[in-house]
Structure formats: structure tokens, C-alpha cells
Amino acid sequence: MSATPITSDKAPEPVGPYPHARRVGNLLFLSGVGPRKRGSKDIPGVTLDDQGNPVLSDIEIQCRSVFENVRHVLEASGSR
């Protein structure tokens, strides 16, 4: 069986040389979906100090962002 790469123009760019997901038969494998927004390296829900160290983290905002990114990848694959 061959694997078909799936990419989304709404999900954040992958941090490595791989697509957002791969379809193999009836299965869809997502890879490393995180909370970032497309075009940014910032993590929603994380506040940094002047040196770039995290000082505040809101897990609810991060989780919502991850689920939104998963939705983007699923929609790009034709799922709803």
C-alpha cells in the first residue's frame, strides 16, 4: 500500500521535513500537530519575559489551538 501525503494551508508549517498527515488505505496518520498558528513560531497561551523565557502558560488556550489545527488537517484530507 502506498502512503499519500496530506498538507493543509491553514495548519502551521511542520517543524520538520514531513507532511501534516499521510493516508494509507483507510487510515490517516497525523504527525506532530501542535498549538502554533500558521506563519508564526509563537505558541498561543504562552507569555514570555524579555529574555524569551516562558512565565505564564494557559493549557486551555493551547489545547483549543491544537484541536483547531487537527481540524485543519482533517479537513485538508477530506474528512469532516
Side-chain angles (χ1 to χ4, degrees):
M1 237 181 250
S2 64
T4 304
I6 306 291
T7 58
S8 169
D9 60 353
K10 295 180 181 177
E13 299 82 356
V15 295
Y18 46 82
H20 289 111
R22 289 189 187 274
R23 180 184 309 283
V24 180
N26 292 335
L27 301 175
L28 185 66
F29 297 91
L30 278 67
S31 179
V33 179
R36 292 180 299 113
K37 298 294 182 190
R38 184 161 191 88
S40 174
K41 294 188 184 227
D42 296 336
I43 298 174
V46 174
T47 303
L48 304 176
D49 64 16
D50 293 338
Q51 289 78 38
N53 300 311
V55 293
L56 183 63
S57 183
D58 187 326
I59 189 71
E60 182 177 346
I61 292 172
Q62 291 176 35
C63 286
R64 289 183 187 279
S65 186
V66 169
F67 291 136
E68 181 178 332
N69 290 335
V70 167
R71 180 175 51 89
H72 292 317
V73 175
L74 292 175
E75 288 173 350
S77 76
S79 299
R80 295 189 289 147

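Sequence positions, counted from 1, serve as the residue numbers for this chain. Hydrogens, waters and symmetry mates play no part in the numbers below; they use all other heavy atoms, side chains included.
Grouping Ile, Leu, Val, Met, Phe, Trp and Tyr residues whose side-chain heavy atoms lie under 4.5 Å apart, directly or via other members, places Tyr18 in a hydrophobic cluster with Val15. Other members of the cluster containing Leu74 are Ile6, Leu28, Leu30, Val33, Val66, Val70, Val73, with ILVMFWY side chains joined at under 4.5 Å, either directly or via other members.
Qualifying side-chain contact (heavy atoms from CB on, under 4.5 Å) partners for Ile59, counting only residues two or more places apart in sequence or in other chains: Gln62, Cys63. Every residue two or more places apart in sequence or in another chain was checked for a side chain to side chain donor-acceptor pair (under 3.5 Å) with Arg38, and none qualifies. Arg71 meets the side-chain contact (heavy atoms from CB on, under 4.5 Å) test with Glu68, Glu75; sequence neighbours excluded.
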Donor-acceptor pairs under 3.5 Å, side chain of residues 42-53 to any protein atom, not counting sequence neighbours: which ones?
| from | atom 1 | to | atom 2 | distance (Å) |
| --- | --- | --- | --- | --- |
| Asp49 | OD1 | Gln51 | N | 2.9 |
| Asp49 | OD1 | Gly52 | N | 3.0 |
| Asp49 | OD1 | Asn53 | N | 2.9 |

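In this structure, Arg22 CZ and Ser31 OG are separated by 8.5 Å, a value rounded to the nearest 0.5 Å. Here NZ of Lys41 is found 9.0 Å from CD of Glu13. Values are rounded to the nearest 0.5 Å.
In terms of heavy atoms, Pro19 sits closest to Pro14 at C-CG, 4.4 Å.
Of the possible donor and acceptor atoms, none in the side chain of Asn69 sits under 3.5 Å from a partner among the backbone N and O of Ala11.
Of the candidates His20, His72, Arg23, Arg23 is the only one forming a side chain to side chain contact (heavy atoms under 4.5 Å, CB included) with Ser77.
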